[in-house]
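Contents: one structure, followed by commentary.
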Amino acid sequence: MKIVVLVKQVPDTYGERILDPATGLVDRSGSDAVIDEIDERALEVALSYKDAHKDAEVVVLSMGSAAVTVGLRKGLAMGADSAVHVLDSALRGADVGWTSTVLAAALTATGFDLVIAGNESTDGGGGVVPAMVAERLGVPPITYLESVQISDDEVAGERGTGQGKLRVHAALPAVISITERLPEARFPKFKGIMSAKKKPFTVLSLEDLGIDPAVTFAGVGRSVVLQTTKRPARASGKKIVDEGNAGVELADFLVAGHLI
Amino acid sequence: MYALTEEQESLVDAVRDFASSALAPHAIEWDQNKHFPVDVLREAGELGLGGIYAKEDVGGSGLTRSDAVLIFEELAKGDTTIAAYISIHNMVVWMIDTFGNDEQRHRWVPPLASMEQLGSYCLTEPDAGSDAAALTTSAVRDGDDYVINGVKQFISGAGSSSVYVVMARTGGAGPQGISAIVVPAGTAGLSYGANEKKMGWNAQPTRQVIFDNVRIPVNNRLGDEGTGFHIAMKGLNGGRINMGACSLGGAQWALDQAVHYLKERKAFGKLLVELQSLLFTLADMETELQAARGLLRRAAWALDTNAPNVVSLCAMAKRFATDASFTAANAALQLHGGYGYLADYGIEKVVRDLRVHQILEGTNEIMRLIVGRALVDDAA
Ligand SMILES: Cc1cc2nc3c(=O)[nH]c(=O)nc-3n(C[C@H](O)[C@H](O)[C@H](O)COP(=O)(O)OP(=O)(O)OC[C@H]3O[C@@H](n4cnc5c(N)ncnc54)[C@H](O)[C@@H]3O)c2cc1C
Ligand SMILES: Cc1cc2nc3c(=O)[nH]c(=O)nc-3n(C[C@H](O)[C@H](O)[C@H](O)COP(=O)(O)OP(=O)(O)OC[C@H]3O[C@@H](n4cnc5c(N)ncnc54)[C@H](O)[C@@H]3O)c2cc1C
């Protein structure tokens with residue numbers, strides 16, 4: 001079983017996250033770059049399968065700037081067997097269309113039985129890359145899984161809907177994305193950290209993947225950031241005074257915010 | 001020497017994750033309730049903290065002393081007491097791994113490296129502290145066994161540990177008459193005193209270890225008969241720089257708290273940080289701690305490379321780092337005013353914890369003795 005985990009490097013959500021209004025790009029120098037937490041959980045799904053199936057192979061794959069090396073090394077320290085980094089300056093500011101094309105090409109190059117991604121990133125938040133990757137690879141996507149079972153030829157799990165749960169399954173090869181319902185990732189151990197540098201680490205350019213942007217993306221739509229607006233300063237919270245129906249009001253408030 | 005390697009950065013990150021999630025949120029409560037969190041130590045073992053510089057064939061992490069000082073500084077930011085206990089445990093593991101034969105290493109190190117079992121270092125006695133070579137606990141040969149009698153004082157982890165490395169007299173007076181013997185918990189005749197009531201280090205037990213005709217096979221001895229004092233002192237070189245690093249971590253944490261506090265607290269219509277005398281206090285704390293960090297890393301490097309002046313460098317690093325860190329932590333308490341004295345802020349705990357680092361693993365007077373003697377002897 002070869003599992004490829006898609007990991008994206010994002011600005012740490014603890015810090016201030018800044019968009020550069022001139023370019024419409026995320027100012028990546030403005031905050032610490034870390035692996036998106038949801039992608040660490042995706043890696044944990046793969047690693048816990050590997051714990052029980054020693055012959056499984058786990059690859060971490062990321063497309064991003066040179067800084068991604070650190071995140072991929074952390075993935076190796078946690079227990080992934082190898083890392084693939086798609087690095088090419090032509091990809092700066094890639095949108096979901098480009099990103100999914102490039103990831104699909106890289107996955108074709110590495111080969112896979114199962115691809116595991118996060119449901120949506122904390123920076124772009126498109127929530128579409130895994131499905132688009134699956135579409136381009138011609139394999140089934142099952143997204144937003146809240147639980148995952150992997151067997152030799154099938155992946156299954158539960159997918160939450162507003163009203164209930166769907167049990168879904170797909171034959172392998174397939175692409176899945178997972179939600180925060182899945183467990184937090186393990187800590188890297190000292191031994192993992194020290195062996196990470198000895199594990200295979202492949203850097204691929206667009207040329208290596210046989211992609212010439214001028215040809216591959218010619219005439220393809222491209223999202224461009226026209227305008228950015230700063231998040232408004234946090235308004236003061238809403239106070240509910242109990243006049244006998246505070247419980248109902250609280251529940252209404254939470255329902256309106258899709259929190260329950 | 002000054003830049004960390006990529007691996008060292010990752011090791012420190014991993015320790016930070018562990019210390020901030022598994023230790024820091026509980027440190028005050030463990031101190032107040034005198035709780036020794038053996039379950040959390042097991043998690044520390046999973047990370048690789050149980051045998052930091054033990055070899056990998058017996059489950060150790062195979063890291064260097066230079067890595068270890070970075071690790072202990074970061075760990076102590078979460079809980080100084082637990083970090084210091086982990087240092088003592090590692091000293092025991094290293095002694096067995098280094099001076100034990102292969103059979104002994106494979107028997108004792110793996111469960112210690114995973115911290116499923118804990119270790120204690122038994123040198124001090126009621127009447128032999130700084131002058132440890134005057135110890136009187138005896139191990140008398142009887143066939144293939146030693147019969148041990150005596151009392152060890154101030155033993156960290158005692159009662160919770162599974163493995164006791166005991167320095168006992170197998171020969172005549174002085175350091176050459178001492179051997180290092182591994183005594184497993186549960187051996188008949190082995191018992192423990194009450195948990196001492198202490199100023200700090202409350203989250204780990206300190207007890208007497210009492211030997212009443214404790215019969216131990218001769219093949220539990222590490223190295224040759226008469227080498228025990230040498231083994232014990234070798235262990236302390238690394239122990240001392242770890243204690244320095246634990247002090248540094250606690251003090252650095254206290255300094256960081258003080259900086260935040262002075263940037264928020266107002267008096268006489270100004271933020272406290274705008275008062276130059278307080279700013280200078282912060283500057284002095286920072287400078288002293290950076291100097292301690294430099295000296296600790298130099299001593300760790302000396303230990304890694306087996307430099308000729310290693311004993312003296314470890315002693316001066318321990319002396320300087322534990323003194324500078326205690327002074328800085330105490331200054332952080334002062335800068336917090338009355339709040340610094342409250343348990344909730346965690347600062348007074350660090351001050352209490354760091355105080356004992358100036359006393360144990362060789363008092364700071366003994367450190368001066370080592371440095372001074374080496375200086376004078378070298379000049380001769
Ligand atoms: C205003 C704005 C500015 C931006 N600026 C930049 C920029 O300067 N530089 C830049 O690189 N991006 C930038 N982006 C991000 C980029 O356009 C998309 O976010 C990116 O193509 C992925 O889409 P997503 O984050 O919405 O993915 P989602 O669909 O939300 O991601 C879901 C999952 O797909 C996987 N995945 C997504 N992207 C990658 C990846 N690159 N490698 C591996 N796995 C991945 C992960 O598993 C992730 O959890 C910007 C986005 C916006 C909205
Ligand atoms: C909380 C705690 C935990 C401990 N854990 C352990 C442990 O796990 N294992 C272990 O073996 N021991 C342990 N110890 C013991 C510790 O190492 C000793 O307390 C220390 O070595 C000092 O010995 P002492 O208390 O007998 O003081 P003494 O040796 O009696 O010293 C009293 C004073 O005299 C000074 N002094 C003594 N000789 C000289 C000299 N020649 N020149 C100048 N000044 C001198 C000392 O510096 C000190 O200030 C622990 C102690 C404490 C408090």
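Lettering of chains follows the sequences in order, A, B, ..., and the numbering in each one begins at 1. What you see below is based on every heavy atom in this structure, not just the backbone, and it leaves out hydrogens, waters and symmetry mates.
Annotation for B/H260: atom NE2 does not count as buried by contact number, only 12 or fewer foreign heavy atoms lying within 6.0 Å. The neighbour count for B/E103 CD, taken as heavy atoms of other residues, nucleotides or ligands under 6.0 Å away, is above 12. For A/D152, the CG atom counts as loosely surrounded, since its 6.0 Å shell holds 12 or fewer non-hydrogen atoms of other residues, nucleotides or ligands.
The contact between B/I71 and chain A is made entirely by side chain atoms (from C-beta outward), counting heavy-atom distances below 4.5 Å. Interface residue B/E6: only side-chain heavy atoms are found under 4.5 Å from chain A.
Heavy-atom neighbours of chain A within the stretch residues 53-70 of chain B, taken at a separation under 4.5 angstrom, comprise B/E56, B/G59, B/G60, B/S61, B/L63. Identified by a heavy-atom distance below 4.5 Å to chain B, the contributing residues of residues 69-90 of chain A are A/R73, A/K74, in residue-number order.
For the set B/D17, B/V15, B/D13, the entry with the most heavy-atom pairs within less than 4.5 Å of chain A is B/D17.
We find the CD-NZ distance between B/E46 and A/K189 to be 5.5 Å, quoted to the nearest 0.5 Å.
When all heavy atoms are compared, the tightest approach of B/L47 to A/P188 is CD1-O, 3.1 Å. Heavy atoms only, all atoms of each residue included: A/F190 and B/G48 are closest at CD1-O, 3.4 Å.
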